[in-house]
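Take a look at the structure set out below.
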2 protein chains.
Amino acid sequence: MTTKKIKNMEEFAAVSGISRPTLSKFFNDPVSVRASTKARIEAALERYDFKPNLYAMNQNRRLTKNIGIIVPHLADPFFAKIARTIEDHIQVMGYRPVLLGSQGRPELEVQNLENLRSLKPAGILFAPLGRASNRGPIEAFCKEVPTLLFDANLEGVGEGFIGSNNDQSVGLIVDYLCRTGEPPAFFEMKSPSNPNAYKRRAAYLKAMGQLGHQPHLIQAIGDGWEFEEIGFREGMRVVADKTLPTDTILCSNDRLAIGFLSAAFESGRRIGLGPDCSMRVAGHDDHPFSRFTCPTLTTISQDYEAIAKKSAETLLTRVEAESPVDSREEVLFDGRLVMRHSA
Amino acid sequence: MTTKKIKNMEEFAAVSGISRPTLSKFFNDPVSVRASTKARIEAALERYDFKPNLYAMNQNRRLTKNIGIIVPHLADPFFAKIARTIEDHIQVMGYRPVLLGSQGRPELEVQNLENLRSLKPAGILFAPLGRASNRGPIEAFCKEVPTLLFDANLEGVGEGFIGSNNDQSVGLIVDYLCRTGEPPAFFEMKSPSNPNAYKRRAAYLKAMGQLGHQPHLIQAIGDGWEFEEIGFREGMRVVADKTLPTDTILCSNDRLAIGFLSAAFESGRRIGLGPDCSMRVAGHDDHPFSRFTCPTLTTISQDYEAIAKKSAETLLTRVEAESPVDSREEVLFDGRLVMRHSA
DNA sequence: ATTAAAAATTTACGCGCGTAAAGTATTTTG
DNA sequence: CAAAATACTTTACGCGCGTAAATTTTTAAT
């Protein structure tokens, strides 16, 4: 508990009796020194409390231990949750996560990449906006910094893609809905910004075809990331529509469903499974709020934990590989049906 | 469009015809050089695309342009939104925001401060966990780095506090509820972690007293930040309780209200103003989801924009002041009543 | 115990920029 | 227009650490 003030690594070398280059090696990677040396350093560290200067450290290093994480929208609880999970994994693996959100704006997305570049990151975990993304700068960036996409894929960009298997998950919930009532119509945005939306639309059409049902698309107009608002607005129209061929609505994602449920409630339309209900609604993603909608939302749960873990591991494996791997890896995780009260 | 590759400031000095020390001054603060020089540099910048090395820049600077932002929980849309707004302001004012979330964990909160310290930040905007916060390390930190609290106050800590006027806002909504129906009971957590909760409880008691009504507290047990879950669980109990002296519930915050509404729906209890409704519920904060609850939530809107702006300005004023100010500044913003359908 | 291999130390240099001091050029003031 | 004030250039040093090469010490293997 002498807690003498240590100014730099030189001084710490003096008091700890370890040479500075060895200390440098230790701070870069603790297990790269002999176990006995590691123990000595750690003992000294407890008595003297020294942290290497972050800036001096990274200035000359070919590669830092920084891992950038970029998500489309930090204010979206879905992304907040998955980003948080990834951060945990990155940290445990001895790296330093830096989290940025693109607020749904393509310019900001590119700017985030630029800002990360000056951190000399070892790699990036990147959930792009999707269709709205500015591909040119992103592709250029991915050639310089190992980048792994997650959640939303940009074909051929980066080291690979970790996401969910929309084909499986949408097939699963369509099947469930058909078994328990009328075949669903598909409620989505006409021009979605997220590539998953296109995959889900296709998966819906395919699943309906396989089950021998006539598909029905309901496409909300609207731009941006205010999905609840769009779901609400179009939802008001849909619940009043007498010509709808079905009483069951499958929403492309939970946020649309949340808006839809709100509209249904506002219109006095009862949603759910009970005899007094006239409509069923399901979503996709198991959004953190889907447990508290009225009624609670039947949906597909994406395996946050698995996606986060696999993303972190895949990227770091590539980062740590001595020779660059030139194959692009794609891993899709199956979704799980979460049966609640809305369908 | 020569876009020759510039390696460092030395090279950029050569091609731009400006001396390196002047460039250094410019990058530190663009308006600190003569306007004509600034123009010349910016012209060269367009042709050659050079960015000073972030790490080398900050290594020897007494003070960086980094501003740390810490919020209790990034997954909470309320904090996500206010953090995002603050980030925008910080950026516009020529600083570099670094956003961190404490995930509701006091150890992580302290660790976030430690991590920020190594960034040599010019200042910190800090929304502490509150009662759960580890005051010792926080106070020590605030003595070394200019820190301004927002959202939640720790008495006497830091440069000051920017928040909302719970006394005014709770008084406002209590008054509204009393004018339009039965006086409200107050629904809250028994041991809230957020200091605002105590202020709101006190404000409720005061407002009820002034209006000559008997206050009634409903206190949910539970720890942590899963407010919706707690609101739901205790809500199930409350809606079944026949001994409740009132049909009106004022929730300490919107997240509790969201859980409460979900519980009421589940129990078949109609909430709202209509003749078929048997209960009224109000919240506090104007949470981003409160527009989509069923029914939509009557609440108090905190002035996100004003709080964010004032926080950023106050901190940066202090950071830029040559002599340290030793007075602690406290600014509270009034809330605004948002009348929706739940009360 | 001897030898080879692995790890730590010593020495030395450089990274890119901040910053200070002294001198020179430019702008402002009266 | 001259003098004073301001801004810029030149020169020089240092920040704290990464990293390479040569040497010495420690460990593992025979």
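Source: prediction; values computed, not measured.
The distance from atom CE of A:M9 to atom P of D:dC15 is 15 Å, rounded to the nearest whole Å. What separates CZ of A:R40 from C1' of D:dT26 is a distance of 11 Å, to the nearest Å. Atom CG in B:N58 sits roughly 12 Å away from atom C1' in C:dG16 (whole-Å rounding). Rounded to whole angstrom, the span from the CD atom of A:E11 across to the P atom of D:dC15 amounts to 11 Å. Taking atom CD of B:E10 as the reference point, atom P of C:dG14 lies 14 Å away to the nearest angstrom. Taking atom CE of residue B:M57 and atom P of nucleotide C:dT19, one finds them 10 Å apart after rounding to whole Å. Here D:dA5 presents its C1' atom at 11 Å from CZ of B:R34, a figure rounded to the nearest Å. C:dG16 atom P lies 7 Å from atom CG of B:N53, rounded to whole Å.
Note on A:S36: nothing from the nucleic acid sits closer than 4.0 angstrom, heavy atoms only. Using a 4.0 Å heavy-atom distance criterion, A:F12 is classed as making no nucleic acid contact.
Side-chain atoms of A:T317 and A:T314 include no donor-acceptor pair closer than 3.5 Å. Side-chain contact annotation: A:E330 with A:N153, donor-acceptor N/O pair under 3.5 Å present. The closest side-chain donor-acceptor pair between B:E109 and B:S133 falls under 3.5 angstrom.
Aromatic ring pairs are classed by plane angle as parallel below 30°, tilted from 30° to 60° and perpendicular above 60°; the pair B:Y48 and B:F12 is perpendicular.
Remark: the backbone N or O of A:V157 is paired with a side-chain donor or acceptor of A:R328 at under 3.5 angstrom. Side-chain N or O atoms of A:R40 include one that pairs as donor or acceptor with a backbone N or O of A:G17 at under 3.5 Å.
Proximity of A:N60 to the phosphate of C:dC15: no side-chain N or O atom is located under 4.0 Å from OP1 or OP2.
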Evaluation steps, side-chain contact (heavy atoms from CB on, under 4.5 Å), between A:L119 and A:L116 = CA-CA 5 Å; A:L119 294 180; A:L116 280 180; 3.8 Å; yes
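Within a heavy-atom distance below 4.0 Å of DNA chain D, the residues of residues 20-29 of chain B found are B:R20, B:P21, B:T22.
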